[in-house]
Amino acid sequence: MSVHLHWFLPTGGDGRTLVDRHAYTDGGIRRDRITPVSGVRAPDVGYLTQIAGAAEQLGFEAVLTPTGTWCEDAWLTTMALSQVTERLKFLVAFRPGVISPVLAAQMAATFQRVSRGRLLLNVVTGGDSTEQKRFGDHLDHDQRYARTDEFLRIVRGVWGGRPFDFQGEHYQVEGGLTALPPDPLPEIFFGGSSAAAGPVAARNVDVYLTWGEPPEQVRQKIDWIRGLAEREGRTVRFGIRLHTLSRDSSKEAWATANRLLDDLDPDTVAAAQQALGRSESVGQQRMLALHGGSRDALEISPNLWAGVGLVRGGAGTALVGSHAEVADRIEEYHALGVEHFVLSGYPHLEEAYWFGEGVRPELAARGLLPAGPSPLAGVPAANGRPASAPGGAPLLVAGGR
């Protein structure tokens with residue numbers, strides 16, 4: 001089982017800080033309690049093209065594109081980027097409650113043809129009622145997962161190439177059809193830590209994603225989903241969503257993490273924690289429990305840092321350390337059964353290079369990556385490092401913004 005490496009497209013904005021472009025107060029509408037930050041990069045197509053190009057050059061298999069109020073539309077953005085890349089796949093996040101399953105199946109089929117088979121799907125059921133209501137979705141938490149179950153059954157049904165009927169609580173379809181099914185069928189990624197989410201994953205998905213919890217918690221979650229899938233007569237693979245901050249030495253990496261932490265004033269952290277605490281997502285509550293809103297003892301497991309989760313919803317932990325140490329942690333998760341690693345870092349352009357030039361060779365040397373030439377093979381060296389970024393080395397420094 002090889003390691004599959006994926007990166008992230010920050011379609012809500014990027015920069016040298018952990019504070020997202022939007023505020024968390026009042027559902028993200030008011031911004032008066034959030035300290036303004038400089039150096040924020042707009043998610044325009046030019047900048048996102050740089051990140052996608054870097055990810056492709058550095059050997060990442062795919063990029064995850066998020067969904068939500070504060071992001072550019074994932075379908076449209078990734079379709080544009082598919083035209084300026086050659087091999088990179090796109091892990092497109094979308095919400096089942098705001099789109100017809102038959103239309104989603106048709107969109108996926110079109111995407112596969114236009115992109116030449118480079119679509120992956122990330123199904124986001126949604127754990128925030130405020131966010132869901134913005135899109136006209138008023139179901140409660142467990143009902144949303146029940147609807148996702150029906151949604152995915154319909155998508156797979158209409159991909160069969162023949163008229164498909166379905167009668168459920170949330171959807172009724174007569175003769176649903178994708179005239180030209182996608183080839184290959186996109187792999188379906190899905191995450192959810194609640195009791196309502198587990199059976200949906202077991203019955204429908206290819207890859208179950210967890211956020212970056214300590215290894216023992218991840219092992220327990222894998223055992224849970226694997227057992228549910230076995231009772232359904234299915235096999236589910238596993239992935240993990242993490243940030244990463246690796247440097248040539250552990251000291252450099254932790255200095256950068258501390259600089260990111262120093263950028264966060266108490267009011268910003270308090271506002272974020274207040275808003276995130278209202279989330280219905282069990283996974284989000286598990287993320288919050290890792291640090292309890294405190295800056296103390298944020299290294300919750302060797303090289304696993306919970307500082308990101310002080311202000312960011314969703315994935316709230318980062319692998320921090322030397323390139324070898326980060327590779328050690330990836331190898332540890334891989335030994336538990338994790339195959340897909342969906343990674344990110346601030347800023348996403350520079351951190352892609354730090355990981356791709358530093359950690360990826362470590363993983364390759366350990367035999368964890370698929371056989372083949374290095375993605376940077378043949379690229380001239382500059383100052384002892386591949387000249388894959390301006391100046392050869394990433395730009396993020398401990399003292400800069």
Side-chain angles (χ1 to χ4, degrees), residues 1-6 64 122-127 141-142 144-146 148-149 187-244 276-277 279-294 297-309 312-321 325-344 368:
M1 180 181 70
S2 298
V3 164
H4 296 265
L5 298 175
H6 312 287
L64 169 64
N122 181 35
V123 178
V124 179
T125 299
H141 177 277
D142 288 1
R144 291 197 293 268
Y145 278 102
T148 296
D149 187 48
E187 289 186 295
I188 296 176
F189 290 63
F190 167 95
S193 298
S194 68
V200 179
R203 285 191 289 264
N204 298 288
V205 310
D206 300 300
V207 179
Y208 174 85
L209 279 176
T210 179
W211 286 327
E213 298 177 0
E216 176 57 24
Q217 294 182 31
V218 170
R219 183 194 65 77
Q220 293 172 6
K221 194 175 286 186
I222 287 174
D223 289 346
W224 169 51
I225 296 295
R226 184 174 283 151
L228 292 174
E230 287 175 354
R231 288 198 284 274
E232 296 286 342
R234 299 185 70 248
T235 299
V236 174
R237 301 191 305 282
F238 297 94
I240 193 167
R241 175 77 179 92
L242 285 158
H243 304 280
T244 178
L276 294 172
S279 174
E280 298 171 321
S281 167
V282 174
Q284 182 63 73
Q285 298 309 315
R286 289 168 69 105
M287 283 284 101
L288 295 178
L290 296 177
H291 54 71
S294 171
L298 286 172
E299 188 178 4
I300 56 175
S301 184
N303 304 108
L304 185 64
W305 184 61
V308 181
R312 187 194 191 279
T317 53
L319 299 178
V320 179
E325 288 172 334
V326 171
D328 288 342
R329 302 287 76 78
I330 289 175
E331 189 169 15
E332 182 178 12
Y333 283 117
H334 181 257
L336 298 176
V338 177
E339 180 178 348
H340 293 266
F341 290 79
V342 184
L343 306 170
S344 56
L368 294 176

| query | Can you find a side-chain donor-acceptor pair between Glu339 and His4 that sits under 3.5 Å? | reply | yes

| ring-ring contact (aromatic ring centres under 6.0 Å, His included) between Phe189 and His340, intermediate numbers included | CA-CA 10 Å; Phe189 290 63; His340 293 266; 5.1 Å; yes

Student check: side-chain heavy atoms of [X] and [Y] closer than 4.5 Å:
X: Asn303; Y: Val320; value: no
X: Asp149; Y: Asn204; value: yes
X: Val326; Y: Asp328; value: no
X: Val236; Y: Val207; value: no
X: Leu288; Y: Leu276; value: yes
X: Arg329; Y: Leu319; value: yes
X: Lys221; Y: Phe238; value: no
X: His334; Y: Leu368; value: yes

Could you check whether any side-chain N or O of [X] sits under 3.5 Å from a backbone N or O of [Y], counting only pairs where one atom can act as donor and the other as acceptor?
X: Arg144; Y: Gly126; answer: yes
X: His243; Y: Ala315; answer: yes
X: Thr317; Y: Gly212; answer: yes
X: Tyr333; Y: Phe341; answer: no
X: Gln284; Y: Ser279; answer: no

| Yes or no on side chain to side chain contact (heavy atoms under 4.5 Å, CB included) for Ile240 and Val342, after CA distance, side-chain angles and deciding distance? | CA-CA 6 Å; Ile240 193 167; Val342 184; over 6 Å; no

| What's the verdict on side chain to side chain donor-acceptor pair (under 3.5 Å) for Arg241 and Ser344, showing C-alpha distance, side-chain angles and the deciding distance? | CA-CA 8 Å; Arg241 175 77 179 92; Ser344 56; 2.9 Å; yes

| query | Taking only residues at least two apart or on different chains, which pairs with a member in residues 224-234 satisfy salt bridge (charged side-chain N to carboxylate O under 4.0 Å, His left out)? | reply | Arg203-Glu232

Nearest heavy atoms of [X] and [Y], plus distance in Å:
X: Tyr145; Y: Ala197; value: CE2-CB, 3.4 Å
X: Ala201; Y: Tyr208; value: CB-CD1, 3.8 Å
X: Ser194; Y: Val282; value: CB-CG2, 3.6 Å
X: Glu213; Y: Gln217; value: OE1-OE1, 3.2 Å
X: Leu290; Y: Ala306; value: CB-CB, 4.5 Å

| task | Evaluate side chain to side chain contact (heavy atoms under 4.5 Å, CB included) for Asn122 paired with Leu64, printing each intermediate quantity in order. | result | CA-CA 8 Å; Asn122 181 35; Leu64 169 64; 3.6 Å; yes

| field | Test log, rule side chain to side chain contact (heavy atoms under 4.5 Å, CB included), inputs Phe190 and Val124 | value | CA-CA 7 Å; Phe190 167 95; Val124 179; over 6 Å; no

| task | Could you give me the CA-CA distance, side-chain angles and deciding distance for Ile222 and Val338, then say whether side chain to side chain contact (heavy atoms under 4.5 Å, CB included) is met? | result | CA-CA 8 Å; Ile222 287 174; Val338 177; 3.9 Å; yes

| said: Would you compute the distance between atom CG of Leu304 and atom CG of Leu242 and round it to the nearest 0.5 angstrom? | reply: 6.5 Å

| message | Could you check whether Glu332 pairs with Arg219 (Lys NZ or Arg NE/NH1/NH2 to Asp/Glu carboxylate O, under 4.0 Å)? | response | no

